[in-house]
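Notes follow once the structure below has been shown.
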Amino acid sequence: MHYSWPRELSEQDMREMIELMDAVAVKEMTLGFYEPVGLEKGLPLMRAFEADLRKGAVDLLHVRNNEGRIVGMVTLARAPLPARRHIVEMRRCVVAPDYRGQFLLEGWAEALRKVGEMGCDVITLEVRDDGPSVLWQRLGFREYGRLPDYARADGRPVTGFYMHARLADITDHFEATGTWLHELESDRVAVAS
């Protein structure tokens with residue numbers, strides 16, 4: 001896998017990012033889309049996103065396979081207010097279904113390297129209750145709030161979890177254990193029973 005932090009997007013990049021999100025959208029609704037966005041609706045969204053990227057309002061990690069195709073991405077958005085510049089929000093973590101389990105932890109390490117380079121200490125994210133909240137807990141995130149009607153799927157309210165982690169805690173855990181993954185309370189209960 002090849003990792004890069006582009007400051008601009010080509011038309012091909014935008015098309016591949018839309019295709020990546022659409023490939024995930026047909027399997028799950030955790031991206032906030034009920035159906036594939038498609039190029040007609042997706043390209044204007046991508047152009048607006050690229051404007052933020054060019055301004056430096058967001059940072060984007062691209063993960064490309066050996067053929068150069070985008071198979072994963074994550075967006076980092078640093079808090080704009082001076083008193084909150086130590087906080088970065090992690091958004092749109094997307095991995096192509098066929099590539100899941102192949103680069104998650106390596107990509108995680110790359111994202112953490114960038115967070116440190118940005119000078120941020122706290123990472124926040126939002127995740128739906130039908131999304132990968134347990135995965136984020138395993139990566140060291142803790143819930144600090146929830147919204148019962150965060151999103152709606154087929155008319156049904158979906159709870160959203162607000163999570164945070166301190167970069168120092170994550171890296172300290174890795175240095176002490178040699179793994180990015182944390183043992184959860186549910187793991188200990190399962191082993192004890």
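The figures that follow rest on heavy atoms only: side chains count, while hydrogens, waters and symmetry mates do not.
Across all non-hydrogen atoms, the minimal contact from Arg128 to Ala153 is NH2-CB, 3.8 Å. Between Asp13 and Glu8, the shortest heavy-atom distance links the atoms OD2-O, 4.3 Å. Contact record, Val71 with Leu20: O-CD1, 3.8 Å, taken as the closest heavy-atom pair. For the residue pair Leu45 and Lys41, the shortest heavy atom distance occurs at CG-O, 3.5 Å.
Note: Phe141 and Trp108 have tilted aromatic rings, judged against thresholds of 30 and 60 degrees for the angle between ring planes.
Note that CG of Leu60 is 7.5 Å distant from CD1 of Ile70, once rounded to the nearest 0.5 Å. In this structure, CG on Leu9 lies 6.5 Å from CZ on Phe49, to the nearest 0.5 angstrom.
Of the possible polar contacts, none joining the Asp172 side chain to the Asp169 backbone as a donor-acceptor pair under 3.5 Å is found. Of the possible donor and acceptor atoms, none in the side chain of Arg64 sits under 3.5 Å from a partner among the backbone N and O of Tyr3. A donor-acceptor contact shorter than 3.5 Å is absent between the side chain of Ser4 and the backbone of Pro6. In this structure, the side chain of Ser133 does not engage the main chain of Asp129 through any donor-acceptor pair within 3.5 Å. Using modelled atom types, one side-chain atom of Arg100 and one backbone atom of Val95 make a donor-acceptor pair closer than 3.5 Å. Not one N or O on the side chain of Arg138 forms a donor-acceptor pair closer than 3.5 Å with the backbone of Leu181.
Ionic pairing of Glu67 and Arg69 is not present here: no N-O contact between side-chain nitrogen and carboxylate oxygen is shorter than 4.0 angstrom. Of the charged side-chain nitrogens involved, none lies within less than 4.0 Å of a carboxylate oxygen, so that Lys114 and Glu110 do not count as a salt-bridged pair. Using a 4.0 Å cut-off between charged nitrogen and carboxylate oxygen, Arg15 and Glu11 count as a salt-bridge pair.
Taken together through direct or relayed side-chain contacts under 4.5 Å among Ile, Leu, Val, Met, Phe, Trp and Tyr, Val115 and Leu135 form part of one hydrophobic cluster.
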